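Heads up: the structure comes next, in structure tokens.
Everything numeric here is computed off the predicted structure, so don't read it as measured data. The basis for the numbers below is simple: all heavy atoms, side chains too, and nothing from hydrogens, waters or symmetry mates. A note on names: the letters A, B, ... follow the listed sequences, proteins ahead of strands, and every chain is numbered from 1.
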Amino acid sequence: MRNYDYTSIEKKWQENWEKNQTFKVSEDSPNPKYYILVEFPYPSGQGLHIGHPRPYTAMDILARKRRLQGYNVLYPIGWDAFGLPTENFAIKNKIHPAKVTADNVATFTRQAKAIGFSFDWSREVNTTDPDYYKWTQWIFLQLFKKGLAYKSEMAVNWCTDCKVVLANEEVVDGSCERCHSAVVRKVKSQWMLKITEYAQRLIDDLEGVDYPARVKASQINWIGRSTGAEVDFATTSGDVLKVYTTRPDTLFGATYMVISPEHPYIEKWSGGLKNLDEVRAYQESAAKKSDFERSEIAKEKSGVKLNGVSAVNPVNGEQIPIFISDYVLMSYGTGAIMAVPGHDTRDWEFAQTFGLPVVEVVAGGNIQEAAFTDCETGTMVNSGFLDGLSVEDAKIKITEWLAEKKLGTPKVNFKLRDWVFSRQRYWGEPIPMVYCEKCGWVPIPESELPLKLPEVESYMPTDTGESPLAALEDFVNCTCPKCGGSAKRETDTMPQWAGSSWYFLRYCDPFNNKELISEERLNYWTEEGAIVNWYNGGMEHTTLHLLYSRFWYKFLYDIGVVKTCEPYAKRTSHGMILGEDGQKMSKSRGNVINPDDIIREYGADGLRLYEMFVGDFEKAAPWSTSGIRGCKRFLDRVWGLQEFIVKNEGDGNEYSPGLRSAFHKVVKKVTHDIETLKFNTAIAALMSLSNEIYAAKSINHAELSAFLILLNPFAPHISEEIFESAGLGILNKQSWPKYDEDLCKDEQVEIVVQVNGKVRAKAVVSSGCDKSQMLETAKIALGDSLNGKTIVKEITVPDKLVNIVVKG
RNA sequence: GCCGCUGUGGUGGAAUUGGCAGACACAAGGGACUUAAAAUCCCUCGCUGGAAACAGUGUAACGGUUCAAGUCCGUUCAGCGGCACCA
């Protein structure tokens, strides 16, 4: 027997697959389709991270299994290649970002191929390819035409280090998701996408898809739906101050109002304000604060009373003061609130600070001590016609009352904000819009797509908040497509999330330059309410890419480009691979593992097997060098199985009697475990089976074939090699082994014999025997230990256990 | 604060969903082979007592349901993730 020379074996099979285009998929197959998707990587300069192979191997296992099960499998890959790190690297090293991208893609490709992923490389897409981003731009134009893309002057999140605007989703704990630098507010004119228009559907349609509960919960949480009412408060200035509240039932307890420091009424009222200087000073200090400072919870409530204007509580006619305070956000609801200090914690704190009256309108707590916010148990008091009602009933009654008096309407609100879609950087898709003094914002004609990124001298971001493209006069100056007059191009580019919001569609028809995707291809790949059957990706994208791409897909559905309203039928999420020290891998911690080193030392199959064996796929797992050694040891033993190969007796297709049930059981286990992402237990079952074969010192062709096919998705190279050298043919042309439920059972089974729930003996019975036989055997096994005791109860579980309950 | 999740040996983790807790590995210890080491193979391996058979005990803590609880229910503690001055 040859040595297990994994390096040359892996190379041999990778070349074989490439030459034979083994994993190339076409639409003319008679087999049922199955579309498996992994998140395409951002090709960074560091090369493939040791964490990448975890999800990619998992879905590769599924893809290989599905092919062996007779499906026409699409398992594609591509590159999400626009982005800041590439641009920054290009600036630092004075290389064009396109060149940096090409180099990085080459490295990633080499590494991915070396791990033996069964991607269909012929469908590779790259978001920075003009033939690709032509369609990203096209989608933007459709959004604009439907009024879902608009330019707006607004306070945005500005990363001081990246010098770029961030979407809300990209701000984590007040700092930049990517570089962790401080994020400040900056007023800028930005392209926005109306994702809020889809908020309700993004919640509702989660019902029909198979996502992990935590993913659904996160998205619902992020969208943040609440129900309540908008209520109009008249002011002494003769205006109507509209507020949003989830607790209209507490209206009688509203003793003051608060508006955001950015509220437009402040300008309107400025003439009549006696303390305008104080108000202005507060507005300024609020504007200076970063989002993080402003949202710090522990801090004291601050604010300024507006002297010279007050409001009237519509239910009881009482005059109440109006304050400005930064605890009221302009971006949520109406930017103004009615304050009910008795029943809202923030209002209570504010009232304490400013010595404002606290009125109890829901009995059940102690409002001297703290706000009583419970909606379940309280009873309405001090509330006129609401007195005596439960909170729930009071909400209904007051809402009806408000509607009748035309003072308020029921209202649903969302925390979700529109998506800030402009980035002031070079390396992104140009936004295909021009600004004309006469016509305003005008889309460029679709025939001019793609609007290519021009070559520039300097990619340096600017502190002024302008894109580097703004310095290019040839690019900026253009003619208005509508009136032919002179106009200027938009110089901001799209965020990285743009290209990834629809890439899975392009895989179905990657070279179509007439349409985003052809009708024919779309029909072929769409089924059962979605296009992608199974999408695996990181939890960190739950409220970013996953939400964005659902939004775009719904939009494409609305304009008739796709056939279903959800893109992904099933979503799963993998855990991270941590460093050996249990910390996140990072250069600064010095705990980074390089996949190239691992492949050299343990082989691609060893790496794949280890990453699948390391633990629960959905949980984070620390890297372990001795752990991968164990997996390599198993592969060595698999190689060693070749010593025990014997010719089958009989017709040559049968498992040997001694291993028959073991094989059926393992086929069943591996078949099911892959579907539920329990790769670790599937591998454990294969290890056990291998140990049994070692004990038997014999494996016939039927057994070897089944064993190798089961192992193949996990360790494709070694399994193909042994399969071939045993004269069994080409493994990837075989079909997935079947199991027989009846043959999974052993003829004799060991049962546990308990007395009063404690194990007292073991016994062997024939499988499936009846209750009386089990009891009889159990009593023999117990011997005379039951003497003198009264049997109270006898419990039997078929093929498992007998429990005899005794007294005395 | 709200929402979601998790807690099992020295370690990663199993346990057909209520039926022998610790599968499969890793680490450790002992042995075989070797001049030696590596590799490989064999044995031991939750804790307590015992030479052993075995007995007791044990799944974060306490309580409950049940013939039977890691699994179900209640309370508490600890940790992780998401949201968060969102009215």
Side-chain angles (χ1 to χ4, degrees), chain A residues 172-173 212-226 228 243-247 250 254 257-258 260 294-299 301-302 325-329 331-340 343-347 349-350 373 413-417 539-540 542-543 582 610 613-616 618-631 633-634 636-637 640 665 668-669 672 678 680-691 694 744 750-762 792-806:
Chain A
V172 177
D173 291 336
R214 57 183 173 153
V215 171
K216 288 189 183 182
S218 282
Q219 289 207 344
I220 290 169
N221 217 340
W222 181 259
I223 296 167
R225 185 191 138 105
S226 71
V243 301
Y244 170 70
T245 177
T246 55
R247 294 292 305 275
T250 62
M257 301 187 80
V258 186
S260 160
R294 203 166 152 168
S295 66
E296 250 178 312
I297 297 155
K299 73 160 196 218
K301 292 278 179 293
S302 65
S325 173
D326 63 4
Y327 85 90
V328 174
L329 310 173
S331 49
Y332 184 75
T334 62
I337 63 159
M338 63 176 212
V340 185
H343 306 284
D344 180 283
T345 309
R346 295 147 305 176
D347 299 343
E349 286 166 10
F350 191 87
T373 56
N413 246 318
F414 298 94
K415 283 194 248 179
L416 186 72
R417 308 290 150 74
M539 275 307 286
E540 70 275 18
T542 300
T543 53
Y610 170 66
F613 187 62
V614 67
D616 186 334
E618 299 187 82
K619 287 199 204 128
W623 182 265
S624 157
T625 301
S626 53
I628 191 168
R629 230 181 277 138
C631 288
R633 213 172 280 157
F634 168 63
D636 290 336
R637 281 168 69 81
K665 273 190 245 179
K668 179 180 175 184
K669 180 141 189 71
H672 291 293
K678 290 179 152 277
N680 52 344
T681 52
I683 294 167
L686 289 168
M687 286 173 167
S688 295
L689 183 58
S690 149
N691 291 342
Y694 263 83
C744 289
E750 193 186 54
I751 61 164
V752 174
V753 182
Q754 296 180 334
V755 177
N756 289 344
K758 297 218 180 226
V759 181
R760 283 291 175 259
K762 294 190 180 173
V792 179
K793 203 171 180 180
E794 292 167 330
I795 291 130
T796 58
V797 180
D799 292 355
K800 282 262 157 67
L801 141 159
V802 171
N803 187 15
I804 298 171
V805 184
V806 298

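Every residue two or more places apart in sequence or in another chain was checked for a ring-ring contact (aromatic ring centres under 6.0 Å, His included) with A:Phe613, and none qualifies. Under the side chain to side chain contact (heavy atoms under 4.5 Å, CB included) criterion, A:Ser218 pairs with A:Thr542, not counting sequence neighbours. When the salt bridge (Lys or Arg N to Asp or Glu O under 4.0 Å) test is applied to A:Asp347, no partner is found at least two apart in sequence or on another chain. With sequence neighbours excluded, the residues that form a salt bridge (Lys or Arg N to Asp or Glu O under 4.0 Å) with A:Lys665 are A:Asp746. Partners of A:Ile223 according to the side chain to side chain contact (heavy atoms under 4.5 Å, CB included) rule, which considers only residues two or more places apart in sequence or in another chain, are A:Ala199, A:Leu202, A:Ile203, A:Phe414, A:Leu416, A:Leu547. A:Ser331 pairs by the side chain to side chain contact (heavy atoms under 4.5 Å, CB included) definition with A:Leu329, A:Arg417, not counting sequence neighbours. Residues passing the side chain to side chain contact (heavy atoms under 4.5 Å, CB included) test with A:Thr543 are A:Trp222, sequence neighbours excluded. For A:Asp636, the salt bridge (Lys or Arg N to Asp or Glu O under 4.0 Å) partners two or more places apart in sequence, or in a different chain, are A:Lys632.
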_For a quick check, with a 4.0 angstrom heavy-atom cut-off, what is the B/S/- contact string for nucleotides 2-9 of chain B, read 5' to 3'?_
--S-----
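No hydrogens or angles were tested; on distance alone, nothing pairs the side chain of A:Lys800 with the base of B:C20 as donor and acceptor under 3.5 Å. Residue-to-nucleotide contacts include no donor-acceptor pair under 3.5 Å from the side chain of A:Lys793 to the base of B:U66. Taking only distance into account, the side chain of A:Lys415 never meets the base of B:C83 through a donor-acceptor pair shorter than 3.5 Å.
Using a 4.5 Å heavy-atom cutoff, the side chains of A:Asn756 and A:Val806 are in contact.
With the 3.5 Å cutoff on both pairing distances, Watson-Crick and G-U pairs in RNA chain B assemble into runs of at least 3 at B:1-7 with B:77-83, B:10-12 with B:24-26, B:28-32 with B:40-44, B:46-49 with B:54-57, B:60-64 with B:72-76.
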Using the 3.5 Å cut-off, write out each protein N or O paired with an N or O of nucleotides 24-27 of chain B and the distance between them.
from, atom 1, to, atom 2, distance (Å)
B:A25, OP1, A:Asn691, ND2, 2.9
B:C26, OP1, A:Arg633, NH1, 2.4
B:C26, O2', A:Ser626, OG, 2.7

Between the protein and nucleotides 57-59 of chain B, which nitrogen or oxygen pairs are less than 3.5 angstrom apart?
from, atom 1, to, atom 2, distance (Å)
B:U57, OP2, A:Lys758, NZ, 3.2

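No donor-acceptor pair closer than 3.5 Å links the side chain of A:Tyr327 to the backbone N or O of A:Val258.
Annotation: of the two residues near RNA chain B, A:Met338 and A:Val752, the 5′-most nearest-nucleotide partner is A:Val752.
Glycosidic conformation of B:U17: syn, with the torsion inside 90° of 0. Regarding the sugar-base torsion, B:G50 falls in the anti class, its angle being beyond 90° of 0.
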